[in-house]
Amino acid sequence: MTVMAEAQFELTEGCRVPVLLGNGDGWHWAEILSKKEVNGKPLYYIHFDDFNKRLDEWVPEERMDVTKAEMPKKDAKTPKKEPQATKITNGSRPASPELQNGASGSMLLPLGGISPAPSPLPPGGGGMGGGLSRKNNLVNRKRKLEEDTDSQDGQLMPRQTGSMVAHHDDVVTRMKNIELIEIGRWRIKPWYFSPYPQELTSNPILYLCEYCLKYLKSNKCLERHLAKCLHRHPPGNEIYRKSNISFFEIDGRKNKAYAQNLCLLAKLFLDHKTLYYDTDPFLFYVMCEHDTRGYHMVGFFSKEKESTEDYNVACILTLPPYQRKGYGKLLIEFSYELSKVECKTGSPEKPLSDLGLLSYRSYWSQTIMEILLNAKPYEQGEQPTITINEISEKTSIKKEDVVSTLQHLNLINYYKGQYIITMNMEQIDSHNRAMSRRTIRIDPKCLHWQSKDWSRRGKW
């Protein structure tokens, strides 16, 4: 990189420059991705180094320290950015603590059926959804992928589906193309690019019908649409209802338009996915809050009708206005309840987004801790014992995820020739506090659903 003097520089795409953070909390290096003029003044679309793309924004020159601007090397090619993912690392296991039987606040649960070297969770890391590991499924289905080319700049446009496979950035998708969306009573600032029709992206607000998810260009168009729209809930079957929470199952083949609109909406908040047009091989489970006006979407997850890797979630999203209210865990819990009905163990497709990884780690930790604390000894006076297989069967969490979570929590240790689980009172108290805040749970009695054997069907 070459540092330019203030009198010589001209900020262009690819330049790096310190930018004052939006909250005023110091300066951070950023890359300029695009430039435009508004009212005669230049604005720069920047991406902060080591920050998630949802923080990218347009900034004026006043927020830049142009004296430290670095021009890109002429012969340097911009490397393709890897999909946004948080990698799970399982470092060397800490040394086993000095264990004393009957020590205060300690709980020993010898584990049977564990190999000497448990396999960690495959690397990857929101929302959450499908990864490149789905290659075999895509080949088996022999999908016909249509290549749509943008007429202006010749960039390959993303495709649309419920699978949302991991993608690499290009010039188009690196920048947010929509300023605001209005859905129901919410106006939400999108986080990422989504391939809505180009003629709509120039408008200050994109309007969505909260019931059928149709996109419209103005508030007047939305009003006229709502006067004619017959829907007051997602299409498909309502398979769960308790209090004001409902879940609907939508078949991606039978309700293609809704499924495609749902994927377009989800792409605004999921960066590590690419969209395909084919929604036929997927089921969508939409969670709603309902009141006298209708059913209002809170979030959703999709899953493949047939998954050779036993994935029970392809992608998963809680809309921003409903985040940090426990709905993310509720969606995850519901996906595992479906797996219990199917008598299978399941796992989300990798990589997970950063927020997705946090939600899954938290759910796995709380669910497994709950099982361990309720474990009973086989005979009176003995320590409780439980195997990884038993934990997996009770929770429907895949064994690899169980082992990975135990390692993440530093609960699994090697002592006198066997693996044991140790918990101190601080960990138990922390778990109890977390569970006391988890006020909404899935009630299996309210789930009315039967699994289908999609492999026996000629068509989805």
Side-chain angles (χ1 to χ4, degrees), residues 127 162 178 180-190 194 196 200 203 205-270 279 282-303 315-335 337-338 439-443 445-449:
I178 295 173
L180 280 174
I181 64 168
E182 181 176 309
I183 178 168
R185 60 192 181 96
W186 304 106
R187 281 191 176 177
I188 311 171
K189 189 173 182 179
S194 183
Y196 281 97
L200 298 181
N203 298 332
I205 301 175
L206 177 67
Y207 295 86
L208 302 178
C209 172
E210 64 174 323
Y211 304 113
C212 70
L213 302 184
K214 182 177 181 179
Y215 44 85
L216 304 115
K217 63 180 180 180
S218 68
N219 192 40
K220 273 290 182 191
C221 292
L222 177 62
E223 289 177 0
R224 288 198 296 267
H225 169 78
L226 289 175
K228 297 181 292 183
C229 185
L230 301 177
H231 302 286
R232 285 299 176 264
H233 59 75
N237 300 320
E238 185 180 15
I239 61 173
Y240 179 92
R241 181 188 293 184
K242 184 175 183 181
S243 185
N244 68 328
I245 299 294
S246 289
F247 278 85
F248 290 82
E249 181 183 61
I250 294 105
D251 189 321
R253 182 180 68 85
K254 295 178 181 178
N255 305 105
K256 191 181 292 287
Y258 182 90
Q260 291 179 345
N261 288 337
L262 179 59
C263 292
L264 280 172
L265 172 62
K267 185 65 185 70
L268 291 171
F269 307 101
L270 296 173
T279 60
F282 292 88
L283 296 168
F284 299 82
Y285 295 89
V286 178
M287 179 169 67
C288 298
E289 286 183 342
H290 57 84
D291 56 24
T292 54
R293 295 185 298 114
Y295 292 74
H296 313 288
M297 190 178 82
V298 170
F300 86 101
F301 68 88
S302 63
K303 64 183 292 187
C315 69
I316 183 168
L317 171 72
T318 304
L319 291 176
Y322 299 98
Q323 291 178 358
R324 304 184 67 84
K325 296 182 178 181
Y327 288 129
K329 282 195 185 72
L330 202 67
L331 282 165
I332 296 172
E333 186 177 6
F334 190 80
S335 71
E337 286 299 329
L338 297 184
T439 54
I440 50 175
R441 300 287 298 271
I442 294 296
D443 185 352
K445 296 177 182 177
C446 298
L447 174 63
H448 305 285
W449 181 78

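For reference, positions follow the sequence shown, starting with 1. All figures in this text were calculated on a predicted structure; none of them were measured in a lab.
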Kindly indicate, with the supporting measurements, whether the criterion ring-ring contact (aromatic ring centres under 6.0 Å, His included) is fulfilled by Tyr196 and Tyr215.
CA-CA 9 Å; Tyr196 281 97; Tyr215 44 85; 5.2 Å; yes
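The CG atom of Leu226 lies 11.0 Å from the SG atom of Cys221; values are rounded to the nearest 0.5 Å. Taking OG1 from Thr279 and CZ from Arg253, the interatomic distance works out to 10.5 Å, rounded to the nearest 0.5 Å. For the atom pair CG of Asn219 and CD1 of Ile205, the computed distance is 8.0 Å after rounding to the nearest 0.5 Å. From Ser246, atom OG reaches atom OH of Tyr240 across 9.0 Å, with rounding to the nearest 0.5 Å. Once rounded to the nearest 0.5 Å, the distance linking OH of Tyr295 with CD of Glu210 reads 13.5 Å. Between Glu223 atom CD and Leu216 atom CG the span is 11.0 Å, to the nearest 0.5 Å.
Considering only heavy atoms from C-beta on, Tyr327 comes within 4.5 Å of Ile440 through its side chain. Within the 4.5 Å cutoff, side-chain heavy atoms of His231 are placed close to those of Cys229. A heavy-atom distance below 4.5 Å is found between the side chains of Arg441 and Glu333. Inter-residue side-chain proximity for His225 and Cys209 is flagged as met; some heavy-atom pair is nearer than 4.5 Å. Taking the side chain as every heavy atom from C-beta outward, Leu230 and Tyr211 never approach each other to under 4.5 Å. Residues Ile178 and Lys189 form no side-chain contact, since every pair of their non-hydrogen atoms from C-beta on lies 4.5 Å or further apart. The side-chain heavy atoms of Phe334 and Phe247, taken from C-beta on, include a pair separated by under 4.5 Å. At a threshold of 4.5 Å between non-hydrogen side-chain atoms, the residues His233 and Val286 do not count as touching.
For the residue pair Gln323 / Thr318, no side-chain donor-acceptor distance below 3.5 Å is found, with atom types taken as modelled.
Put simply, the side chain of Ser194 gets close to the backbone of Leu264: a donor and an acceptor are under 3.5 Å apart. When atom types are taken as modelled, the side chain of Asp291 and the backbone of Gly294 share a donor-acceptor pair closer than 3.5 angstrom.
Pairing each heavy atom of Cys212 with each of Tyr258, the nearest pair is O-CD1, 3.6 Å. Of all non-hydrogen atoms in Cys315 and Phe300, the two that sit nearest each other are SG-CZ, 3.9 Å.
Using bins of under 30°, 30° to 60° and over 60° for the plane-to-plane angle, the ring pair Tyr285/Phe301 lands in the parallel bin.
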